[in-house]
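These notes concern the structure reproduced below.
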Amino acid sequence: MEKSIEKRIPKSLIWLCVLAFFSVLNETVFNVSLPDIAAQFGIKPSAANYVNTSFILSFAVGTAVYGKISDIYGVKKLVLISMMIYSGGSLIGLLFHAWFPILLVARFIQGAGASAVPGLIMVIVTKSIEKQHQGKAFGMIGSTVALGEGFGPILGGWIADYVHWSYLFFLPMMTLVTLPFFLRTLPDEPMKKGGLDVLGGLLFVLGIVSFTLFTTHYEWWYLTNSVILFIGFVLRIRRAKEPFVEPALFKRRRFIVGVFVGGILLGTVAGFMSMIPYMMREVHQMPTSLIGGGVLFPGTLSVILFGIVGGSLVDRQGARFVMVAGLLLLVMGLFIVLLFADRSLWIISGALVLIFGGLSFVKTVISTIVAGSLSADESGTGMGFLNFSCFLAEGIGIAIVGGLLTQLRCNFPILPIVTDVAAYLYSNLTLLLLAVVITGGAIFMIVFKGEEASLDINRN
């Protein structure tokens, strides 16, 4: 029995990667259409960004919840249910896209369904693949996820320019075609006893929502409310029989550093990517389709190569080596945009290749070191919380950048090389994001300084 399951797992992984592509595709497919949506509804960029933020918030929450309950209900049933939810939200958005509040609700429902796949695919790898081979598996997953994130703006730009952005809601329904193949290859799992800490999860989710509102509106009562909710969450998980997140996980340095640094880096890059369509529209007067196909497409293609290479390098050279390489690529890419925000689109496109590549490396490392810190019994909760934190950080990053674009606090000249007035805001925001990336990378390197062995994926 065990051998038959092991033979079927690789096929399941392939089909899950296909589902992951389409689920994560929806995280960014609306990116280049945000200026069009803002114009159609007569709203500010900070409000339009909630089209993505609402998706990412429920997506982040879902990755934690699905990871947690996968140990109880099994992967197969959860993916089937989640894909029904995903398609249902897409249908609502397609039919009622003319009402902005319903549009946000549809995106929220989409995220709640789509979030199952990236979370559960990590659980399958952690439970089913030996640690010395997990780097390659996470590299394959990372390249698939990053490809979906990168290909989203390209496809979204083409559909928005030549048809209408509302038809982007039709894409998720294509995932239903893969379900029969997926259900045949993934083995059935018996249900296990256990419960879900609903109150703890609710406190955490509401705390995150409140903090996200603060990053957009900068009203201090949102921040105060968020702090109170987080305190309640901490007290709850310390007392609950089956807490939403095991407190013991927060005592492990590898787990904490992986989650924290992963959140910082992925959230920063997500915020930067959400800024690109506005920059290309205002500084370079580019149409939506060209933003996706001309500027983002090369970076999207590079994700496949970087993901595969990164996974192999983690297994051969170690996580620290790949993390340094990923950080260097991110810094170089952001530095180029910082200096040449008002120059040729080909320069920007080349910089995005470096940024997408660095992101692939970083994702592979973070997934590998966190998985290496978990036991088999903790894989669902631990990997779910990692996905939760990273996707949530992306939502917060997008919300923060949207708020800064609206409030125009960074719209003044700093660098003499940037001469276009329209580019001041975007160059300065890139400088700010570059500083955050360097800070996140420095934290990682300081914590693991001289400890290459602690990053060895074959050790715990």
Side-chain angles (χ1 to χ4, degrees), residues 28 31-32 34-35 45 49 52 146 149-154 157 264-288 290-303 306 325-363 393-394 397-398 400-406 408-441:
T28 59
N31 269 7
V32 295
L34 293 179
N49 274 10
N52 271 354
E149 292 176 340
F151 194 73
I154 299 170
I264 290 176
L265 297 178
L266 271 62
T268 303
V269 174
F272 172 79
M273 289 301 177
S274 74
M275 179 190 81
I276 291 297
Y278 293 103
M279 182 179 81
M280 303 314 294
R281 179 72 64 86
E282 293 188 22
V283 180
H284 300 278
Q285 293 77 48
M286 293 178 62
T288 305
L290 189 55
I291 294 173
V295 177
L296 297 173
F297 185 65
T300 303
L301 289 181
S302 71
V303 163
F306 280 111
L327 289 171
L328 288 174
L329 290 172
L330 285 176
V331 169
M332 286 191 294
L334 290 172
F335 193 70
I336 290 171
V337 176
L338 165 69
L339 296 178
F340 305 109
D342 56 350
R343 304 299 171 86
S344 167
L345 67 88
W346 303 115
I347 296 178
I348 304 299
S349 184
L352 292 181
V353 170
L354 299 178
I355 293 171
F356 275 117
L359 184 64
S360 294
F361 279 14
V362 167
K363 280 186 174 182
E394 291 181 2
I398 291 171
I400 291 175
V401 170
L404 292 172
L405 286 174
T406 299
L408 304 178
R409 296 186 179 185
C410 298
N411 194 17
F412 53 87
I414 292 181
L415 301 174
I417 193 172
V418 180
T419 57
D420 190 333
V421 175
Y424 291 163
L425 174 63
Y426 302 101
S427 177
N428 295 346
L429 281 179
T430 303
L431 176 61
L432 178 63
L433 297 174
L434 176 61
V436 176
V437 166
I438 293 173
T439 301

Open item on the list: With side-chain contact (heavy atoms from CB on, under 4.5 Å) as the criterion, how do Val269 and Val362 come out once you've worked through the C-alpha distance, each side chain's angles and the decisive distance to 0.1 Å?
Closed with: CA-CA 11 Å; Val269 174; Val362 167; over 6 Å; no
Pairing residues for [X] by the side chain to side chain contact (heavy atoms under 4.5 Å, CB included) criterion, not counting sequence neighbours:
X      : answer
Leu354 : Leu329, Met332, Ile336
Ala435 : none
Ile438 : Val331, Leu434
Ala423 : Val283, Ala341, Asp342, Val418, Asp420

Please find the pair of heavy atoms, one from [X] and one from [Y], that lie closest to each other, and give the distance.
X      : Y      : result
Leu266 : Glu394 : O-CG, 3.6 Å
Gly440 : Ile264 : CA-CG2, 4.0 Å
Leu339 : Ile417 : O-CG2, 3.5 Å
Ser274 : Gly271 : OG-O, 2.7 Å
Gly441 : Leu265 : N-CD2, 4.3 Å

In Å, rounded to the nearest 0.5 Å, how long is the span from [atom1] of [X] to [atom2] of [Y]?
X      : Y      : atom1 : atom2 : answer
Ile398 : Leu405 : CD1   : CG    : 11.5 Å
Met279 : Arg281 : CE    : CZ    : 13.0 Å
Leu433 : Asn428 : CG    : CG    : 11.0 Å
Phe356 : Phe361 : CZ    : CZ    : 15.0 Å
Leu425 : Glu282 : CG    : CD    : 7.5 Å
Thr268 : Leu330 : OG1   : CG    : 9.5 Å

Answer whether the closest heavy-atom distance between the side chains of [X] and [Y] falls below 4.5 Å.
X      : Y      : answer
Leu415 : Ser427 : yes
Phe272 : Val337 : yes
Tyr278 : Met275 : no

